[in-house]
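Have a look at the structure below before the remarks.
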Amino acid sequence: MDLIYEGKAKKLFTTENPSELRMVFKDDATAFNGEKKASFADKGRLNKQLSLHLYELLEREGVATHFVRDDGPESLIVRRVEIVAIEVVIRNLIAGSLKKRTGLPEGQRLRQPLIECYYKSDALGDPLINDEHIRELNLARGDELEKIKRSALKVNRILTIFFAKAGLTLVDFKLEYGRLFPDKHNIVLADEVSPDTCRLWDTETGKKLDKDRFRQDLGDVMEGYSEVLTRVQNVLNTPS
Ligand code: UDP
């Protein structure tokens, strides 16, 4: 089937069903707006598997997503969407660019989850934007933005509790939303949810188990991802 999109970490192919696509997770990793690049054996499979478990969890908890079904080691079948050009970041603890912007110490817990929106534009380097910029740029209608924020906070509540059971602290994460084809009335969670897009720290030791191992040259990048997957699977296999 035809390749319709190739991003930094994923490829999208058409399927025999016009409203569904095949999302293939690549072994490539990039950071700092594509300036830093590497490839890690098995990353595609690990991220696919984690995204699959997390999408199934979110769907069970009533979050509307683009997920349809599993499709082999590195791919998922997803609903076709028109991606909203906003990266929604939810933060629970200070890290990354928020540490730089506020001067607050890494690891300090925020008083309440914080939502940020970034303009999804490689040419502009994904700048931080507010609701008024979103309105001016016509990136989403007011009611769509409200839905997106409500959903993102719900995802945060679900994932925070779930990862805590795995001994992991969900520090922050990035979500993308899309409008479902063909009528584009419904907004659903799209893209991936994986250690590429989440900061996850071991709750006991504070050890980083996500893409910061790559960004900060900490080594053992895939060992971190694989540890996250093992713990997630242990929680899912433990009767509640
Ligand atoms: N993030 C992402 N893609 C991006 C930028 C950020 O998935 O293009 C995720 C990142 O993994 C982290 C959260 O969003 O979990 C917040 O990232 P931050 O703004 O701190 O930027 P960074 O330090 O990643 O440059």
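Numbers for residues simply follow the sequence, beginning at 1. Whatever order the structure lists ligands and atoms in, that order sets their numbers, starting from 1.
- Not a single donor-acceptor pair under 3.5 Å links the side chain of Lys8 to the backbone N or O of Asn33.
- Contacts with ligand 1 closer than 4.0 Å are made by heavy atoms of both the backbone and the side chain of Asp172.
- Other residues, nucleotides and ligands contribute at most 12 non-hydrogen atoms within 6.0 Å of the CD atom of Glu204.
- Side-chain N or O atoms of Lys36 include none that pairs as donor or acceptor with a backbone N or O of Ala29 at under 3.5 Å.
- Here the shortest heavy-atom distance to atom 17 (O) of ligand 1, taken over Glu192, Arg199, Lys174, belongs to Arg199.
- Under a 4.0 angstrom heavy-atom cut-off, Glu87 registers as being in contact with ligand 1.
- Against a heavy-atom cut-off of under 4.0 Å, Val89 is close to the following atoms of ligand 1: 14 (O), 16 (C).
- Distances from ligand 1 to the non-hydrogen atoms of Glu116 include no value under 4.0 Å.
- The single protein non-hydrogen atom nearest to atom 10 (C) of ligand 1 is Arg215 NH2, 3.4 Å, given as residue, atom name and distance.
- A salt bridge (charged side-chain N to carboxylate O under 4.0 Å, His left out) with Asp196 holds for exactly one of Lys26, Lys211, Lys43; it is Lys43.
- Ligand 1 has Asp196 within reach: a non-hydrogen atom of the residue lies less than 4.0 Å from it.
- The two residues Asp172 and Arg91 have their closest heavy-atom pair at OD2-NH1, 3.3 Å.
- The single protein non-hydrogen atom nearest to atom 20 (O) of ligand 1 is Ser97 N, 2.8 Å, given as residue, atom name and distance.
- Contact annotation for atom 2 (C) of ligand 1: protein present (non-hydrogen atoms, distance under 4.0 Å).
- Per-residue contacts place Arg91 under 4.0 angstrom from the following atoms of ligand 1 (heavy atoms of the residue considered): 16 (C), 18 (P), 19 (O), 20 (O).
- Interface atoms of ligand 1 facing Gly96, defined by a heavy-atom separation under 4.0 Å, are 20 (O), 23 (O).
- Salt bridge present: Arg150 and Glu146 bring a charged side-chain N and a carboxylate O closer than 4.0 Å.
- Thr205 contributes a side-chain N or O that, together with a main-chain N or O of Lys207, makes up a donor-acceptor pair within less than 3.5 Å.
- Heavy atoms of Lys211 come nearer than 4.0 angstrom to ligand 1 in no pair at all.
- In Tyr118, the part holding a heavy atom less than 4.0 Å from any atom of ligand 1 is the side chain.
- The main-chain N or O of Asp191 is found under 3.5 Å from a side-chain atom of His66 such that the two form a donor-acceptor pair.
- At a heavy-atom distance under 4.0 Å, only backbone atoms of Cys198 (N, CA, C or O) approach ligand 1.
- Geometrically, Lys165 does not engage Phe163 in a cation-pi contact defined by less than 6.0 Å to the ring centre and at most 45° from the axis.
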